[in-house]
Novice: 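If you scroll down you'll find the structure; I have some questions about it.
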Amino acid sequence: MYEFSGQKIFVAGHRGMVGAALVRRLEHENVELLTASSGDLDLRDQAEVRRWMEKNKPQAIFLAAAKVGGIAANDRFPADFLYDNLMIEANVIHAAHEFGVEKLLLLGSTCIYPKLSPQPIPEEALLTGPLEPTNEWYAIAKIAGIKLCQAYRRQHGSDFIAAQPTNLYGPGDNFDLETSHVLPALMRKAHDAKRKNAPSMTVWGSGAPLREFMHVDDLADALVFLMQTYSGEMHVNCGTGEEVSIQALAEAIKAVVDYDGELVFDASKPDGTPRKLADSSRLHALGWSHAISLQEGLADTYRWFLESEPDALRFV
Ligand code: GDP
């Protein structure tokens with residue numbers, strides 16, 4: 001058990017969706033929270049990271065800072081995805097070792113797994129086959145991050161762990177229709193269709209693919225749980241274990257938005273992989289499971305969207 005009470009905890013990447021959820025979650029703990037904006041601390045700069053770590057001396061770190069984005073962004077900026085993420089991880093993990101950080105948790109994503117992984121995807125699938133080429137820049141960097149945690153544990157006994165969340169959603173999500181994932185995209189489409197009194201809204205593909213969605217506040221809770229209770233070389237998947245079809249998701253979103261038009265399925269758009277589910281049995285066996293149902297989570301996300309609509313559209 002790693003005791004949080006009274007500790008100085010650094011959330012790297014507190015402006016991101018996961019980092020912001022961690023800050024909300026840690027406000028309920030008796031900890032001294034450290035954050036740094038990218039203007040004050042460029043995590044890609046080794047000397048800056050060393051100086052900051054020496055001055056602030058965190059005892060534990062959630063490494064949630066990363067360059068993230070969808071297919072289009074990965075395709076346009078492969079160098080940024082690989083270089084930025086490698087540098088952030090190498091600098092923070094090495095400085096954590098140098099300055100005696102007691103515990104570090106690295107955030108990844110289930111897109112690190114091979115394209116043709118068994119479903120649900122177990123942690124052991126890592127490095128067993130070729131990656132999905134559209135996000136391999138990000139995935140290679142994140143795999144290197146997991147390996148850094150393992151290597152520092154083996155060589156120096158550092159208590160560094162890694163967690164791989166499934167598809168996340170919630171406050172702070174990206175609602176831009178061109179670059180967002182399906183959940184915020186459908187929420188925004190339902191919202192716009194309702195506002196315009198449109199008779200229907202479009203759903204890409206057949207609606208048949210199955211996906212798993214986790215509210216980011218559930219993830220933050222799981223990460224705090226892992227930080228306090230888990231120590232090991234094996235990275236840990238974080239998901240709900242529940243799947244929903246895209247059609248069922250679209251219906252649930254219509255209900256939350258209170259839009260009663262038709263769903264039109266656009267077969268010219270790709271379905272992508274038929275099923276994508278993380279095997280979270282390791283996390284569940286450790287004693288954690290999610291608390292926020294999809295319906296509650298959608299309602300919470302829609303509330304956030306309505307409160308911050310102009311901002312939500314800023315992430316383009
Ligand atoms: P994936 O999980 O990596 O495939 O990424 P997405 O979240 O972008 O897409 C998941 C599924 O939702 C795919 O089958 C998409 O075709 C489907 N989908 C339906 N409507 C939309 C939409 O408006 N935007 C996106 N991004 N996906 C959609």
Side-chain angles (χ1 to χ4, degrees), residues 17-18 68-76 81 108-117 119-121 125 130-139 142 164-170 172-196 198 200-216 219 237-257 259 261-280 294 297-298 301-302 305 312-313 315-316:
M17 180 161 80
V18 173
V68 296
I71 285 187
N74 259 272
D75 193 45
R76 276 182 66 197
F81 275 87
S109 131
T110 49
C111 73
I112 58 163
Y113 291 116
K115 184 179 165 73
L116 299 175
S117 294
Q119 300 289 333
I121 312 171
L131 298 166
E132 162 61 48
T134 52
N135 63 25
E136 70 178 357
W137 317 104
Y138 172 86
K142 282 294 165 186
Q164 316 306 319
T166 188
N167 300 318
L168 299 171
Y169 71 97
D173 214 336
N174 170 10
F175 284 84
D176 170 53
L177 291 181
E178 292 301 312
T179 57
S180 66
H181 285 283
V182 58
L183 190 152
L186 293 180
M187 188 170 279
R188 170 136 182 234
K189 284 182 184 175
H191 174 79
D192 290 348
K194 183 183 169 184
R195 206 166 42 183
K196 292 179 193 147
S200 65
M201 62 178 265
T202 308
V203 179
W204 295 354
S206 65
L210 298 170
R211 293 289 184 273
E212 177 185 26
F213 298 99
M214 184 185 224
H215 191 284
V216 71
L219 175 71
N237 286 346
C238 296
T240 62
E242 291 171 8
E243 294 175 287
V244 61
S245 73
I246 298 301
Q247 177 166 2
L249 174 72
E251 298 287 358
I253 287 174
K254 271 177 52 185
V256 162
V257 172
Y259 171 62
E262 298 290 314
L263 297 177
V264 172
F265 294 92
D266 178 357
S268 73
K269 290 283 199 288
D271 266 348
T273 184
R275 191 178 177 207
K276 200 155 72 178
L277 174 67
D279 180 346
S280 299
L294 184 61
L298 290 175
T301 306
Y302 191 50
F305 174 81
L313 305 181
F315 289 82
V316 289

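The analysis underlying the following values was restricted to heavy atoms, covering all of them including side chains, and did not include hydrogens, waters or symmetry mates. We number each residue from 1, following the sequence as shown. The structure presented is a predicted model; accordingly, all values stated were derived computationally and were not measured. Just so you know, ligand 1 is whichever comes first in the structure, and atom 1 is the first atom listed for that ligand.
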Novice: Would you tell me whether Tyr169 and His181 have side-chain atoms, one donor and one acceptor, within less than 3.5 Å of each other?
Specialist: no
Novice: Could you tell me whether Asp192 and Lys189 have a side-chain N and a carboxylate O separated by less than 4.0 Å?
Specialist: no
Novice: Is the backbone of Gly261 close enough, under 3.5 Å, to the side chain of Lys254 for a donor and an acceptor to pair up by distance?
Specialist: yes
Novice: Between Asn174 and Thr179, does any side-chain donor sit less than 3.5 Å from a side-chain acceptor?
Specialist: yes
Novice: Counting only N and O atoms by type, is there a donor-acceptor contact under 3.5 Å from the side chain of Asp271 to the main-chain atoms of Ser206?
Specialist: yes
Novice: List, pair by pair, the atoms of ligand 1 and of the protein that are both N or O and lie under 3.5 Å apart, giving the separation rounded to 0.1 Å.
Specialist:
unit_1: ligand 1; atom_1: 2 (O); unit_2: Arg211; atom_2: NE; d: 2.8
unit_1: ligand 1; atom_1: 2 (O); unit_2: Lys276; atom_2: NZ; d: 3.2
unit_1: ligand 1; atom_1: 3 (O); unit_2: Lys276; atom_2: NZ; d: 2.9
unit_1: ligand 1; atom_1: 4 (O); unit_2: Arg211; atom_2: NH2; d: 2.9
unit_1: ligand 1; atom_1: 7 (O); unit_2: His181; atom_2: ND1; d: 3.3
unit_1: ligand 1; atom_1: 7 (O); unit_2: Val182; atom_2: N; d: 2.9
unit_1: ligand 1; atom_1: 14 (O); unit_2: Asp271; atom_2: O; d: 2.5
unit_1: ligand 1; atom_1: 16 (O); unit_2: Pro270; atom_2: O; d: 2.7
unit_1: ligand 1; atom_1: 20 (N); unit_2: Trp204; atom_2: N; d: 2.9
unit_1: ligand 1; atom_1: 23 (O); unit_2: Lys189; atom_2: NZ; d: 2.7
unit_1: ligand 1; atom_1: 26 (N); unit_2: Ser180; atom_2: O; d: 3.2

Novice: Determine whether a donor-acceptor pair (N or O, by modelled atom type, separation under 3.5 Å) exists between the side chain of Glu212 and the backbone of Ala278.
Specialist: yes
